[in-house]
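Presented below is the structure to which this report refers.
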Amino acid sequence: LLHRGRFLMAVLVTRPEDASRRTAARLEALGFEAVPAPLLDLEFTVPEHLIGEASPDGVIITSANGANAVAGHPDLSRLTKLHVWTVGTRTTDAAREIAFGAPVFEEPDAVSLGARLSDAPPQRLLYLAAEQRSGDFSRLAAKHEIDIRVVYRALAKTKFPAEGAAAVSA
């Protein structure tokens, strides 16, 4: 887009509502025109019981959404007494907000966390996960027993947001 002899770049931000606003604000601070157009809705799908018969040794959280999903859950007070491993500072911050302590490891991505877990002694780990996820900890940290609990999912919106449609048309 050329405006008054200057190239402008508009960025369509399609992340879920809250994340879309945060990302748009960061892009605008960098000088981009950001158009929030969330194409996903998050739905928390927390099971009634997060802890099975055998208590886990620790918890893996790879998204702030995973931490937010279990806020207020009846098993949370038991979980926050366990070690936690996180992916990213936003996830760590969200975990701390619901009373987890400092993570054993905070890594930038699931592959890096899997590599760090591979160096730890075998444990039973509870993974607070999305329904669809990029990291398979059963493979990334194969020596550990990973109990996956799906606590949220992303649902595609059925209609393109009007502001996004107007920006694309322009």
Side-chain angles (χ1 to χ4, degrees), residues 1-47 50 59-73 76 79-80 84-117 126-141 146 148-170:
L1 181 63
L2 185 63
H3 177 66
R4 295 186 184 158
R6 214 178 82 157
F7 283 102
L8 300 177
M9 179 171 286
V11 180
L12 190 66
V13 184
T14 62
R15 301 182 73 200
E17 191 73 39
D18 288 342
S20 187
R21 282 195 301 270
R22 284 190 308 274
T23 300
R26 285 196 315 269
L27 287 167
E28 288 170 355
L30 294 170
F32 295 96
E33 177 187 351
V35 180
L39 295 179
L40 297 172
D41 284 322
L42 292 181
E43 178 180 79
F44 293 152
T45 57
V46 184
L50 291 171
V59 180
I60 299 171
I61 310 174
T62 59
S63 167
N65 295 320
N68 295 335
V70 299
H73 191 279
L76 184 60
L79 292 178
T80 57
V84 64
W85 289 263
T86 61
V87 170
T89 56
R90 282 205 23 62
T91 303
T92 298
D93 292 345
R96 285 184 166 173
E97 284 177 22
I98 61 170
F100 277 97
V104 177
F105 305 124
E106 174 193 297
E107 292 294 329
D109 55 61
V111 172
S112 299
L113 182 57
R116 290 291 296 264
L117 284 168
L126 175 66
Y127 178 21
L128 302 176
E131 185 175 71
Q132 295 185 344
R133 49 201 171 272
S134 59
D136 176 7
F137 284 100
S138 299
R139 184 182 53 78
L140 294 172
I146 309 293
I148 299 170
R149 298 296 176 155
V150 173
V151 296
Y152 73 99
R153 63 183 176 168
L155 303 170
K157 289 191 175 190
T158 57
K159 186 175 179 187
F160 198 82
E163 185 179 356
V168 170
S169 293

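Residues take their numbers from the sequence shown, with the count starting at 1. Side chains are part of it too, since the values below use all heavy atoms of this structure and drop only hydrogens, waters and symmetry mates. From a predicted model like this one, the values you see are computed outputs, not experimental measurements.
- Donor-acceptor pairing under 3.5 Å is recorded for the side chains of Thr23 and Arg15.
- Taking both residues in full, the closest heavy atoms of Thr80 and Ala99 are given as CB-O, 3.5 Å, listed atom of the first, atom of the second, then distance.
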Applying side-chain contact (heavy atoms from CB on, under 4.5 Å), run through Val59 and Trp85 and close with a yes or a no. CA-CA 6 Å; Val59 180; Trp85 289 263; 5.9 Å; no
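- Using a 4.5 Å heavy-atom threshold, the side chains of Pro16 and Pro38 count as separate.
- Distance CZ/Arg153 to OG1/Thr45: 6.5 Å, rounded to 0.5 Å.
- Summarising the geometry of Thr62 relative to Ile60, their closest heavy-atom pair is CG2-CG2, 3.9 Å, with the distance given to 0.1 Å.
- Ser63 and Thr91 form no side-chain donor-acceptor contact under 3.5 Å, judged by distance and modelled atom types alone.
- Using a 4.5 Å cut-off on side-chain heavy atoms (C-beta onward), Ile148 and Phe137 make no contact.
- The heavy-atom pair separating Ala67 from Ile98 by the smallest distance is O-CD1, 3.3 Å.
- Atom CZ of Arg90 sits in a sparse spot, with 12 or fewer heavy atoms from other residues, nucleotides or ligands closer than 6.0 Å.
- Gly101 and Val84 get closest at one heavy-atom pair: O-CG1, 3.7 Å.
- Rounded to the nearest 0.5 Å, atoms CZ (Arg22) and CD (Glu17) are 10.5 Å apart.
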After noting the C-alpha distance and the side-chain angles of Val70 and Phe44, does the key distance pass the side-chain contact (heavy atoms from CB on, under 4.5 Å) rule? CA-CA 8 Å; Val70 299; Phe44 293 152; over 6 Å; no
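- Judged by distance alone, the side chains of Ser138 and Tyr127 never bring a donor and an acceptor atom under 3.5 Å apart.
- With a 4.5 Å cut-off on side-chain heavy atoms, Val87 and Glu106 do not count as touching.
- Closest of all the heavy-atom pairs between Leu76 and Ala71 is CD2-CA, 4.1 Å.
- For the pair Leu117 and Leu140, the minimum side-chain heavy-atom distance is 4.5 Å or more.
- What you find for Phe100 and Ile61 is that their closest heavy atoms are CE1-CD1, 3.9 Å.
- In this structure, Tyr152 has no ring-ring contact (aromatic ring centres under 6.0 Å, His included) partners at least two apart in sequence or on a different chain.
- Looking only at side-chain heavy atoms (C-beta outward), Val151 and Pro47 come within less than 4.5 Å of each other.
- Inter-residue side-chain proximity for Leu27 and Val13 is flagged as met; some heavy-atom pair is nearer than 4.5 Å.
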Chi angles and distances behind the side-chain contact (heavy atoms from CB on, under 4.5 Å) call for Arg149, Leu126: CA-CA 7 Å; Arg149 298 296 176 155; Leu126 175 66; 3.2 Å; yes
Test side-chain contact (heavy atoms from CB on, under 4.5 Å) on Leu128 and Val150 and set out the steps. CA-CA 6 Å; Leu128 302 176; Val150 173; over 6 Å; no
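- Judged purely by atom type and a 3.5 angstrom limit, Arg96 has no side-chain atom pairing as donor or acceptor with the backbone of Asp93.
- Expressed to the nearest 0.5 Å, how far CD of Glu107 lies from OG1 of Thr92 amounts to 10.0 Å.
- Contact check for Leu40 versus Lys157: no side-chain heavy atoms found under the 4.5 Å cut-off.
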